[in-house]
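This report refers to the structure that appears directly beneath it.
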Amino acid sequence: MEKVNIAHKFAQIADYWKPCVVGELNGQQVKLVKIKAEFVFRHHENEDEMFLVVKGRFCMELRERNIWLEEGEFLVVPQGVEHRPVADEECWILLFEPASTLNTGNVVNERTVHELQRV
């Protein structure tokens, strides 16, 4: 059992859109990811996802509306809801989701990360 310094962990992440695991509990993973620009629209059949903005801001695009998230705010995207994060500038996000959650959900492409790095 060790404490985690989030800023120190983010400093170890170089690539955008590649989540890194920083903790696990009860079948869930705590992941950190740096984002910039737009990702892919996708959904997750069986998992909810929580996005907490640590630094910066981003827009969660949904098919019917957009939700802007600022530092200190979070959003839970329920399973089955199509979504796409978009950030004009670098944004740091803490994700909390089941360990089985694939970063690109139902879409498999060049941004899909099958083996997550631990930082």
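A continuous path of ILVMFWY side-chain contacts below 4.5 Å connects Val30 to Ile6, so both sit in one hydrophobic cluster. Under the 4.5 Å side-chain heavy-atom criterion for Ile, Leu, Val, Met, Phe, Trp and Tyr, Leu32 and Phe74 are members of the same hydrophobic cluster. Under a hydrophobic-cluster definition in which Ile, Leu, Val, Met, Phe, Trp and Tyr are linked whenever side-chain heavy atoms come within less than 4.5 Å, directly or via other members, Val107 and Val81 are assigned to different clusters. Grouping the Ile, Leu, Val, Met, Phe, Trp and Tyr side chains by contacts below 4.5 angstrom, directly or via other members, places Val33 with Phe51.
Residues meeting the side-chain contact (heavy atoms from CB on, under 4.5 Å) test with Asn46, sequence neighbours left out: none. Scored by the salt bridge (charged side-chain N to carboxylate O under 4.0 Å, His left out) test, Glu38 finds Arg84 as partners (sequence neighbours excluded). For Asn106, the side-chain hydrogen bond (donor to acceptor under 3.5 Å, both in side chains) partners at least two apart in sequence or on another chain are His43. In this structure, His114 has no side-chain hydrogen bond (donor to acceptor under 3.5 Å, both in side chains) partners at least two apart in sequence or on a different chain.
With rounding to the nearest 0.5 angstrom, the OG1 atom of Thr112 is 10.0 Å from the CZ atom of Arg42. In this structure, Leu62 CG and Ile67 CD1 are separated by 4.5 Å, a value rounded to the nearest 0.5 Å. With rounding to the nearest 0.5 angstrom, the CD atom of Gln29 is 11.0 Å from the SG atom of Cys20. Atoms NZ and CG, on Lys36 and Asp15 in that order, are 13.5 Å from each other to the nearest 0.5 Å. A distance of 11.5 Å separates CD1 in Ile35 from CD in Glu89, rounded to the nearest 0.5 Å.
Summarising the geometry of Asn103 relative to Pro19, their closest heavy-atom pair is CB-CG, 3.9 Å, with the distance given to 0.1 Å. For Val77 against His83, the heavy-atom pair with the smallest separation is CG1-ND1, 3.5 Å.
Within the 3.5 Å criterion, the main-chain N or O of Arg111 finds a donor-acceptor partner in the side chain of Asn109. Formation of a donor-acceptor pair under 3.5 Å by the Lys34 side chain with backbone atoms of Ile13 is found in this model.
Side-chain contact between Phe58 and Val53 is present, with heavy atoms from C-beta onward closer than 4.5 Å. Within the 4.5 Å cutoff, side-chain heavy atoms of Phe41 are placed close to those of Arg63. Contact annotation: the side chain of Phe10 approaches that of Val54 to within less than 4.5 Å [non-hydrogen atoms, C-beta and beyond]. Inter-residue side-chain proximity for Val86 and Asn66 is flagged as unmet; no heavy-atom pair is nearer than 4.5 Å. Looking only at side-chain heavy atoms (C-beta outward), Phe39 and Trp17 come within less than 4.5 Å of each other. Looking at heavy atoms from C-beta onward, Lys55 lies in side-chain contact with Glu71 at the 4.5 angstrom threshold.
A donor-acceptor contact under 3.5 angstrom links the side chains of His44 and Glu49, judged on distance only.
Grouped with Leu116 in one hydrophobic cluster are Val21, Val113, the linkage being side-chain heavy-atom contacts under 4.5 Å among Ile, Leu, Val, Met, Phe, Trp and Tyr residues.
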Is there a salt bridge (charged side-chain N to carboxylate O under 4.0 Å, His left out) between Glu24 and Arg118? Walk through the geometry before answering.
CA-CA 11 Å; Glu24 296 186 54; Arg118 266 189 125 31; 3.5 Å; yes
Anything under 3.5 Å between a donor and an acceptor, one on a side chain of residues 90-102, the other on a protein residue two or more places apart or in another chain? List them.
{"unit_1": "Glu90", "atom_1": "OE1", "unit_2": "Tyr16", "atom_2": "OH", "d": "2.8"}
{"unit_1": "Glu90", "atom_1": "OE2", "unit_2": "Trp92", "atom_2": "NE1", "d": "3.0"}
{"unit_1": "Glu97", "atom_1": "OE2", "unit_2": "Lys31", "atom_2": "NZ", "d": "2.7"}
{"unit_1": "Ser100", "atom_1": "OG", "unit_2": "Glu47", "atom_2": "OE2", "d": "2.9"}
{"unit_1": "Thr101", "atom_1": "OG1", "unit_2": "Pro98", "atom_2": "O", "d": "3.0"}

